[in-house]
Number of protein chains: 4
Amino acid sequence: MVSTQSRRGDTRQRIQDVALELFGERGYEKTSLREIAEHLQVTKAALYYHFKTKEDILISLFQDLGRPLDELIAWAEEQPRTLEMKKELVRRYSKALSGAAPLFRFMQENQATVRELTVGESFKERMLKLTDLLRLPEGEAGLTDQMRAFTALFALHAGMFALNHVEGDLEDKRQAALEVALDLLTQAHAGHPVNGTH
Amino acid sequence: MVSTQSRRGDTRQRIQDVALELFGERGYEKTSLREIAEHLQVTKAALYYHFKTKEDILISLFQDLGRPLDELIAWAEEQPRTLEMKKELVRRYSKALSGAAPLFRFMQENQATVRELTVGESFKERMLKLTDLLRLPEGEAGLTDQMRAFTALFALHAGMFALNHVEGDLEDKRQAALEVALDLLTQAHAGHPVNGTH
Amino acid sequence: MVSTQSRRGDTRQRIQDVALELFGERGYEKTSLREIAEHLQVTKAALYYHFKTKEDILISLFQDLGRPLDELIAWAEEQPRTLEMKKELVRRYSKALSGAAPLFRFMQENQATVRELTVGESFKERMLKLTDLLRLPEGEAGLTDQMRAFTALFALHAGMFALNHVEGDLEDKRQAALEVALDLLTQAHAGHPVNGTH
Amino acid sequence: MVSTQSRRGDTRQRIQDVALELFGERGYEKTSLREIAEHLQVTKAALYYHFKTKEDILISLFQDLGRPLDELIAWAEEQPRTLEMKKELVRRYSKALSGAAPLFRFMQENQATVRELTVGESFKERMLKLTDLLRLPEGEAGLTDQMRAFTALFALHAGMFALNHVEGDLEDKRQAALEVALDLLTQAHAGHPVNGTH
DNA sequence: AATGAATGAGAATTCATTCAT
DNA sequence: TATGAATGAATTCTCATTCAT
């Protein structure tokens with residue numbers, strides 16, 4: 001059952017859709033409420049019926065689209081910190097990423113802006129939790145292996161957002177990035193068996 | 001003591017310094033010329049004596065601080081596309097990154113904004129050239145290995161900018177990221193011997 | 001008594017009125033939007049609710065007040081090019097001139113400015129059409145008679161705008177100028193019977 | 001012998017030349033000192049060595065180029081107010097006009113601007129004197145004949161500036177306009193013998 | 001559920017002008 | 001006879017936001 005929120009007519013939805021699209025294209029600061037309103041063929045004032053402020057639109061996007069990620073974190077926090085769990089976490093994160101690609105893309109491309117907004121805090125917190133979940137037990141691993149674990153996360157981002165210009169189907173790239181990420185995790189956990197073998 | 005006297009002649013430089021600092025902290029859009037001017041204790045109009053537009057300040061930063069990177073790319077383009085060259089490229093890139101950290105950080109955190117600016121084009125081009133230099137020969141390698149090669153680049157970025165909240169000396173983290181990147185390159189070139197393990 | 005109430009709905013009109021007045025008095029460039037806004041006791045931003053740019057205000061004036069002139073031209077273009085039609089054209093033009101005196105005066109006194117604006121093109125076109133309608137058939141008349149026909153137009157302008165400092169009622173001067181203009185037309189068409197006298 | 005003024009190197013001259021050109025093209029307000037300086041390949045500050053203010057440049061142009069006109073007026077004021085003198089006045093004025101065409105053109109196209117400047121007063125005074133010299137004796141002539149006399153002046157202006165778009169050599173047009181002007185004068189003095197004859 | 005009309009704050013930019021050198 | 005560096009005051013314009021209807 002869909003939330004009460006999203007049922008109230010569909011204007012709210014449409015505002016969110018257009019806002020996400022424009023925020024993604026031109027950035028949060030550069031996207032004015034006038035532009036959003038014009039795309040929707042309503043007046044600016046109409047936006048204020050549905051959202052208290054401009055930032056509020058962003059917050060709502062973040063809450064709605066980010067929920068799967070919160071659930072993922074919640075799930076992971078209850079699991080044992082095994083390699084297998086981390087792999088599963090990374091698999092699920094990759095899927096979440098592709099589900100809410102525009103939002104994640106926006107977050108990545110507007111870090112400086114977002115940092116100053118309320119929403120920035122929560123985003124940072126999520127990322128912190130996520131990296132914390134991947135972290136290796138203190139003392140057992142060197143900085144390089146820690147870095148490998150973290151890099152797994154960035155490999156996924158690279159696969160989703162940074163390789164637009166590269167040939168290939170998005171889903172294929174996602175799979176490839178996931179594979180790389182899983183490898184990195186495995187290597188991190190193994191100590192670094194690959195080093196030196198070549 | 002900073003007398004008026006001693007400042008003469010270096011205003012342009014000081015504008016660049018302050019601008020980079022503020023652009024980095026609050027983002028390009030959110031940083032007004034008024035703020036920059038106030039930090040420098042000059043009037044806004046003084047900024048316009050030294051730079052034609054706000055964007056011009058950014059362009060100048062990009063040109064001045066990005067030169068080492070251009071030189072690196074120029075160098076690499078004349079080398080054979082061997083694994084050893086790529087490793088060297090990555091090593092040098094890592095060093096360049098730490099040399100112009102504030103600019104690179106700014107670029108990463110303001111992608112959406114920068115994309116709309118003239119400077120965005122050049123930045124994109126650089127990145128394209130860089131990824132192209134790391135690319136494996138067509139047909140000889142699968143998408144996953146291509147991804148591994150690209151991820152090497154992102155591993156460096158992750159090491160420099162994304163792990164601020166993580167414990168540890170910046171230089172140590174840079175070294176760790178470099179190690180991960182070099183590994184990724186090696187694996188990409190070897191075919192994927194590790195894949196078989198899972 | 002001008003209550004806030006009674007003003008609602010006519011702001012656009014009032015902006016046009018004040019703008020025309022000030023543009024006429026001080027010139028287009030020297031008239032700032034601040035001044036217009038202050039005269040109206042609204043904020044500058046209010047002007048931008050009603051007009052997209054400063055130039056837009058001028059364009060709107062030109063379109064609204066210049067319409068009679070366009071209609072006059074349209075009418076004349078469908079008439080045969082007889083002396084009688086030209087006389088009627090000049091009579092009607094004289095009337096149109098006195099109906100939109102402030103605008104025409106502004107156009108005459110701000111030619112250099114107006115030339116660089118969009119509105120300048122349309123103005124020039126109108127004048128071109130007008131002079132073309134008065135032009136004598138090629139070959140049949142010398143340059144002097146052509147000049148006589150054109151000067152008829154300028155006689156009207158002189159009567160309306162250039163003789164402010166001269167004694168006499170404006171309407172009387174208009175009539176006198178009209179008479180001169182009609183004479184010039186007649187002479188132009190007659191060949192130049194007066195020329196022989198010197 | 002050239003005045004001391006114009007001997008002092010030639011930069012002053014060059015400033016005047018460029019200023020007149022640009023003032024004429026883009027208008028006084030729209031022409032910035034920066035533009036003038038750039039055209040001359042000097043700095044703005046250099047302009048201030050030669051002229052106290054922007055307006056001062058205009059004043060100097062007006063004085064230098066307007067001198068012939070002042071002399072013309074001085075001459076005419078000592079002559080008897082006969083038709084023949086007026087004809088001569090108009091002939092000489094026509095010549096003066098073509099000698100200082102750019103300045104007169106500027107004055108005509110920037111009336112609104114010039115009106116607010118000191119220079120505007122003198123210009124208006126000159127025009128007043130000129131029209132006064134052409135005026136018919138009170139009582140002896142109707143408003144229409146007065147208008148005819150004044151229009152003679154405007155006919156000259158029309159010939160010089162308003163017919164750019166019309167075919168024909170400028171000098172030919174000037175002659176034609178002069179002829180029209182002389183006719184108008186003659187008619188004004190004759191009473192209006194042409195009226196009614198057709 | 002939305003609009004029309006407006007505002008206050010602030011942005012980037014331009015300009016004529018100044019002055020020590 | 002100029003320049004380099006700066007300023008103060010203004011300008012056009014944009015934006016998020018408000019509120020009576």
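The chains referred to below are lettered A, B, ... by the order of the sequence lines, with proteins before strands, and numbering in each begins at 1.
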Pick the nucleotide of DNA chain F nearest each of C/Leu33 and B/Ala46; which residue has the one closer to the 5' end? B/Ala46

Do we get D/Arg12 above D/Tyr49's six-membered ring, with its NZ or CZ under 6.0 Å from the centre and within 45° of the axis? no

Tell me whether the guanidinium CZ or amine NZ of B/Arg126 lies under 6.0 angstrom from the six-membered ring centre of B/Phe62 and within 45° of its axis. yes

At less than 4.0 Å, is any side-chain N or O atom of A/Thr11 found next to OP1 or OP2 of E/dA2? Yes or no. yes

Among the nucleotides E/dT17, E/dC15, F/dA2, which one has an atom lying closest to any side-chain atom of B/Ala45? E/dC15

Examine F/dT12: is either OP1 or OP2 under 4.0 Å from a nitrogen or oxygen in the side chain of C/Thr53? Give yes or no. no

Here the distance between atom P of E/dT13 and atom NZ of B/Lys54, to the nearest Å, is 8 Å

So, under a plain 3.5 Å distance rule, would you say the side chain of D/Lys44 forms a donor-acceptor pair with the base of F/dT3? no

The side chain of C/Tyr48 lies closest to which of these nucleotides: E/dA5, E/dA1, F/dT12? F/dT12

Between the side chains of D/Arg26 and D/Glu35, is the shortest nitrogen-to-carboxylate-oxygen separation below 4.0 Å, so that they form an ion pair? yes

Short side-chain N/O contact to E/dA6 OP1/OP2 from C/Tyr49, under 4.0 Å: no

OP1 or OP2 of E/dG4 less than 4.0 angstrom from a side-chain nitrogen or oxygen of C/His50, does that happen here? no

C/Thr43 side chain, from C-beta outward: closest of E/dT3, E/dT7, F/dT14: E/dT7

Run the salt-bridge test on D/Glu121 and D/Arg115 with the 4.0 Å N-O cut-off and return the result as yes or no. no

Taking 4.0 Å as the cut-off, does a side-chain nitrogen or oxygen of B/Ser32 come that near to OP1 or OP2 on E/dA11? yes

Report yes or no: do D/Glu55 and D/Thr118 form a side-chain donor-acceptor pair below 3.5 Å? yes

With nearest nucleotide decided by heavy atoms, which residue, D/Glu35 or B/Tyr28, maps closer to the 5′ end of DNA chain E? B/Tyr28

Does E/dC15 have OP1 or OP2 under 4.0 Å away from a side-chain N or O of D/Arg34? yes

To the nearest angstrom, the CZ-P distance between A/Phe51 and F/dT18 comes to 16 Å

